[in-house]
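Because only heavy atoms are used, hydrogens play no part in the values below, and waters and symmetry mates are left out as well, while side chains stay in. Letters A, B, ... are given to chains in the order of the sequence lines, protein chains preceding strands, and every chain is numbered from 1.
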Amino acid sequence: MAAERYDALKREKHWQTAWEERGIFRAFEDDPRPKYYVLEMFPYPSGRIHMGHVRNYTMGDVIARYMRAKGHNVLHPMGWDGFGLPAENAAIERGGHPAKSTYDNIAVMRDQLKGLGLSLDWTREFATCDLDYYHQQQRLFLDLLKAGLVDRKTRKVNWDPIDRTVLANEQVIDGRGWRSGALVEQREQPEWVFKITDYAEDLLQALGGLEHWPEKVRLMQANWIGRSEGLLVRFAIEGGAVPKDHDLIEVFTTRPDTLFGASFLAIAPDHPLAKAIAEENLDAAAFIDACHHHGTSAAALETQEKKGLDTGLRVLHPLIEGAELPVFIANFVVMEYGTGAIFGCPAHDQRDLEFARAEGLPVIPVVLPPGEDPKCFTIGEEAYTGDGTMINSGFLDGLTVAAAKDAVADHLAKTKLKGRPVGERHTQYRLRDWGISRQRYWGCPIPMIHCSSCGIVPVPESDLPVKLPGDVSFDRPGHPLDRHPTWKHVTCPRCGGAATRETDTMDTFVDSSWYFARFCSPKSGEPTDLKATGYWLPVDQYIGGVEHAILHLLYARFFTRAMLKTGHVAIDEPFRGLFTQGMVTHETYKDVHGKWLLPEEVTRKDGRQVHAKTGEPVTVGAVESMSKSKKNVVDPESIIGAYGADTARWFMLSDTPPERDIEWSAAGAEGAHRFLQRVWRLVGEAAVKGAALSAAKPSSFGPEAEALRRAAHRSVAAVTGAIEKLRFNTAVAQIYELANVLSACLQNAEPHVQSDTAYAVREAAELLVRIAAPMVPHLAEEAWARLGHETLIAEEPWPAPETALFLEETVTIAVQVNGKRRDELTIARDAAKEDIEAAALKLDNVVRAIGGRKIKKVVVVPQRIVNVVA
RNA sequence: GCGGACGUGGUGGAACUGGUAGACACACAGGACUUAAAAUCCUGUGGGGGAAACCCCGUCCGGGUUCGAGUCCCGGCGUCCGCACCA
């Protein structure tokens, strides 16, 4: 049979046009079907799509197409995370304007995505850098401001004195600016923050309700929020030269039970008290300065020795009459957590112990581990952090750790210091407020105005949008908005006097914190349309990289709550279902000179990898995530150009579970393509050998036809279940199996025979095409047409398996002797236990294995197994 | 250090709530078709023994529960991920 090859390149374009002309992926709210919102994390317009996008968007598309076939009204939109640093850096390095490069990139990537045949509603497309989008975002900002969710806080930032700009942490390399190489200074700078900490408890608690999120992500978020319960303790400063306005030190502790073992207090170098001391005390000033100059990288902190400076101040021990504790400034105490001050109990905290040993401070054990003798228990190099019984602790002696915590809290709550309780129960969170200020041009301007007489005032809503000026230059250091000749100069909306605009723009995480809501009504004159969001939200299935497990998802959860509070949505959790897919990896290659090589520069010769041009040997390195620096990248466009989009899609879904990293290989891509060609041939054969489209279903089927039908319907059921669970790799395997069965059947079939087999062949081919359609939609359309249909498969309902076929009359079960499989038995599926047992014991292999021993017991699990214990 | 996940052939991976381990694919080998190649199709493929029937071993290692463990429990080892002087 002259089977022509399927010309993916030509036909894919054709079907994409057909879908577009029919507008079948457009979503409308007035639809009686149940809604389903599938969303993949939208891309940053970097210029070209990469394999990670292909994987992400293919998965989302399978779900979208499947749910559509299942009778849902599906919303599947796409847009662009348009603002951000790379576009601005490109403008600085190569000239041009971020807006131009961004929109150029979007145009290219839109075409590339369209080439993948994704079932997207492109009429809803927008970019976050569109004036309309950031206009609405400025309105949201003002509403959040009114609702008390915006604050101004002083933050330490990385300041590059040469580029005169603030650097992100990842732009600081070894303490120097990534571009200028200048030593980065820590600067305190007022910044705009969103008060995410107001929702710390809610964001933590609500994680429990996110059943369709990966446990891993919920855990990461919980750890990030970092709730811990403890006690706030106020120590009165008594001895030493006490600076003005500092007569007590507040400390947060989770171990109030160890208070009797305290031997010092330590405050952070950035603690206000430390600063006050430094003004008088040169040693303290020098010490603090040294702390600032020590690297803040994780590695530097890791190896840093615990050092402190005795301030000479003394505080009163709140529980021991007359006892005093020295106050140190210590390098291991951070200002960012708790109160920036601790009390040190060396016996039961490793850090405190190391510090105490270095400073020669007493180490008094107060918790006795179970089974230890209080008379000889001492602390060596390791602090004891476990549970036990209180000792050396006055009224706490004999209590458990938990009881002692309560006893101290109760006691100190009643003790007063300057009219306030000495101890207060307190819940501390690691989560900090979300700083959204960026000293950058290419972002959403923060709509505020600084007036010398009125202070900071919001831009009136009627004056919005605050539009980014187009005429800016990037050829000089500094902030383009700040040095623009006219842009920032305005009149104060309150007093009419001269004032200046806020030149900070918003963190791009703000842009991505509500885009999913904007997709519901992308053209609305309001940020959101309550009717539209009420219909579509929450997102039923959100898919993206695990690298966004914490920040993006936490910010979006917060922002949704903020939008609820300000009346812009009616829900608090934006994403009902979340799936985090793995990365795309590839082997790495180096040539004889140790230079990285692109996969396309490497070829196989005599079973070895060699350089395609020179023939020189190539070193094959580790399989790693695709990255430009290691050159182990494959451009999706080259794959689509060579094999078509369906091949790339099929590969991405095959073999590897979607949450794991997938290794791209040329051989695998060829394999995927071969299979699609095979499906095309099978369908061609089935169109000839199978029954006519109009053929009636025979009233009965012979064994061969019955077996094919059973296999086909089993595959339908299995693929349905697999897609529902997002286990695309097993869905693919099921489709392979059905193709194998159909293929074997076609070998024996005669052309144009109107028989039960012919009917089963057509049915199996059609089912094969229909269940493969969400994954390889173009090929499926082509095959559907080849089978004589005039409809679009994209508009066909999902097939329902005939489950009655699964109930075979006989079943085959394994027969074990002493737990080892010895034979198998085919028997009526409803056979009685006794009959199964009798039949099993007659099997030759079973008799031999028993070897004349006495049968102690026979376990019979009908339809599953027989185990003879002898 | 804390928290979590994982460990199955040469490779990616299947195996639902404990019930025939290795589905399906990749790779490899042999064969058919062909003047030849490509493409396609067929066969084989965890290790060992055997002509075969079949037997022994086998899911990181060591124990345990059970008629039966890749799956459950305890103890190790290894790999990966997240967080980290968090008081």
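- Nucleotides C28(B) and U79(B) place their P atoms 31 Å apart, quoted to the nearest Å.
- L231(A) and P256(A) make their closest contact through CD2-CB, 3.7 Å (heavy atoms, listed as atom of the first residue, atom of the second, distance).
- One interatomic measurement links the two molecules: CG of D655(A) to P of U8(B), which rounds to 16 Å at whole-angstrom precision.
- V861(A) comes within contact range of at least one nucleobase, with a heavy-atom separation under 4.0 Å.
- Y736(A) comes within contact range of the sugar-phosphate backbone alone, with a heavy-atom separation under 4.0 Å but no base atom that close.
- At A53(B), none of the side-chain N or O atoms of R848(A) fall inside 4.0 Å of OP1 or OP2 (strictly under the cut-off).
- Across all strands shown, V251(A) has no heavy atoms under 4.0 Å from either base or sugar-phosphate atoms.
- In a base pair of the Watson-Crick type (N1 to N3 plus N6-O4 or O6-N4) or a G-U wobble (N1-O2 and O6-N3), with each distance short of 3.5 Å, C2(B) is matched with G82(B).
- The pairing partner recorded for G22(B) is none, the criterion being a Watson-Crick or G-U wobble arrangement whose two distances lie under 3.5 angstrom.
- Atom-to-atom, CG of L843(A) to C1' of U20(B) comes out at 13 Å; the value is rounded to the nearest Å.
- OP1 or OP2 of A25(B) has at least one side-chain nitrogen or oxygen of N740(A) nearer than 4.0 Å.
- Here R218(A) does not reach the OP1 or OP2 of G4(B): none of its side-chain N or O atoms lies under 4.0 Å away.
- Taking a pair to require two hydrogen-bonding distances under 3.5 Å in either a Watson-Crick or a G-U wobble arrangement, A87(B) remains unpaired.
- With a glycosidic angle more than 90° from 0, G50(B) adopts the anti conformation.
- Cation-pi contact between R430(A) and W224(A): present, with separation from the ring centre below 6.0 Å and deviation from the ring axis of at most 45°.
- In the set C67(B), C42(B), A21(B), the nucleotide with an atom closest to the side chain of R821(A) is A21(B).
- The T730(A) side chain lies nearest to A14(B) when the options are A14(B), A87(B), G3(B).
- Within 4.0 Å (heavy atoms only), T812(A) reaches at least one base atom of the nucleic acid.
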Which atoms of nucleotides 56-61 of chain B (N or O only) lie under 3.5 Å from a protein N or O atom, and what are those distances?
{"unit_1": "C56(B)", "atom_1": "OP1", "unit_2": "R822(A)", "atom_2": "NH2", "d": "3.2"}
{"unit_1": "C56(B)", "atom_1": "OP2", "unit_2": "R822(A)", "atom_2": "NH1", "d": "3.1"}
{"unit_1": "C57(B)", "atom_1": "OP2", "unit_2": "K820(A)", "atom_2": "NZ", "d": "3.4"}

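- The phosphate of C83(B) (OP1 or OP2) has no side-chain N or O of R430(A) nearer than 4.0 angstrom.
- Taking each heavy atom of N632(A) and S625(A) in turn, the nearest pair found is ND2-O, 3.5 Å.
- Sequence order on RNA chain B of the closest nucleotides to G338(A) and V815(A) puts V815(A) first from the 5' end.
- Rounded to the nearest Å, the gap between the C1' atom of A25(B) and that of G64(B) is 37 Å.
- Taking side-chain N and O atoms only, R864(A) has no distance below 4.0 Å to OP1 or OP2 of U20(B).
- The closest donor-acceptor contact from the side chain of Q677(A) to the backbone of Y6(A) lies under 3.5 Å.
- Pair check for G44(B) finds C28(B); Watson-Crick or G-U wobble, both atom distances under 3.5 Å.
- For the pair R660(A) CZ and A25(B) P, the interatomic distance rounds to 19 Å; values are reported in whole Å.
- Spacing of P atoms, U71(B) relative to G58(B), comes out at 14 Å, to the nearest Å.
- Atom CZ in R674(A) sits about 15 Å away from atom C1' in C24(B), given to the nearest Å.
- Nucleotide A39(B) is matched to nothing when pairs are restricted to Watson-Crick or G-U wobble geometry with both distances under 3.5 angstrom.
- Comparing the C1' positions of G9(B) and G44(B) gives an interatomic distance of 15 Å, to the nearest angstrom.
- Base-pair partner of U66(B): not found among the strands shown (Watson-Crick or G-U wobble, both distances under 3.5 Å).
- Counting only heavy atoms from C-beta outward, the side chains of E659(A) and Q581(A) never approach each other to under 4.5 Å.
- Aromatic ring centroids of F264(A) and F355(A) lie under 6.0 Å apart.
- In the set A87(B), C42(B), G19(B), A87(B) carries the atom at the smallest distance from any side-chain atom of F252(A).
- Contacts of V334(A) with the nucleic acid, taken as non-hydrogen atoms under 4.0 Å apart, include base atoms.
- Seen from the ring of F332(A), K306(A) counts as a face-on cation partner, given the 6.0 Å and 45° thresholds.
- Using a 4.0 Å heavy-atom criterion, one finds that T253(A) contacts the sugar-phosphate atoms exclusively.
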Where do I267(A) and I249(A) land on the side-chain contact (heavy atoms from CB on, under 4.5 Å) test, with the steps shown first? CA-CA 9 Å; I267(A) 60 175; I249(A) 300 175; 4.2 Å; yes

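- Regarding Q816(A), its CD atom lies at a distance of 13 Å from the P atom of C55(B), rounded to whole Å.
- Between E424(A) and R234(A) a salt bridge is recorded (basic side-chain N to carboxylate O distance below 4.0 Å).
- For C41(B), the OP1/OP2 oxygens have a side-chain nitrogen or oxygen of R678(A) closer than 4.0 Å.
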Take D352(A) and R357(A) through the salt bridge (charged side-chain N to carboxylate O under 4.0 Å, His left out) test and state the conclusion after the steps. CA-CA 9 Å; D352(A) 297 349; R357(A) 294 292 188 223; over 6 Å; no

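- Across all strands shown, G50(B) remains unpaired; no Watson-Crick or G-U wobble contact has both distances below 3.5 Å.
- Distances from the side chain of I342(A) to the nucleotides A87(B), C85(B), C42(B) place A87(B) closest.
- Comparing the P positions of A15(B) and G22(B) gives a spacing of 13 Å, expressed to the nearest Å.
- For G4(B), the OP1/OP2 oxygens have no side-chain nitrogen or oxygen of K216(A) closer than 4.0 Å.
- In this structure, G75(B) and C61(B) make a Watson-Crick or G-U wobble pair, each of the two defining distances being under 3.5 angstrom.
- K689(A) places a side-chain N or O within 3.5 Å of a backbone atom of L746(A) that can act as its donor or acceptor partner.
- Side-chain atoms of K306(A) and base atoms of C85(B) include a donor and an acceptor less than 3.5 Å apart.
- Spacing of C1' atoms, U66(B) relative to C2(B), comes out at 36 Å, to the nearest Å.
- To the nearest angstrom, P of U20(B) lies 14 Å from CG of L825(A).
- Taking the side chain as every heavy atom from C-beta outward, V327(A) and L265(A) approach each other to under 4.5 Å.
- If you check every strand for non-hydrogen atoms under 4.0 Å, R727(A) touches sugar and phosphate atoms only.
- One C1' atom belongs to C80(B), the other to C60(B), and the distance between them is 15 Å to the nearest Å.
- Contact between the side-chain N/O atoms of N729(A) and the OP1/OP2 oxygens of A14(B) is found at a separation under 4.0 Å.
- Out of A23(B), C86(B), U20(B), the shortest distance to the side chain of A814(A) is found at U20(B).
- Between G75(B) and A5(B), the two P atoms lie 15 Å apart (nearest whole Å).
- Between the CG atom of D352(A) and the P atom of C86(B) there is a distance of 10 Å, rounded to whole Å.
- Following rounding to the nearest Å, Q350(A) (CD) and C85(B) (P) show an atom-to-atom distance of 16 Å.
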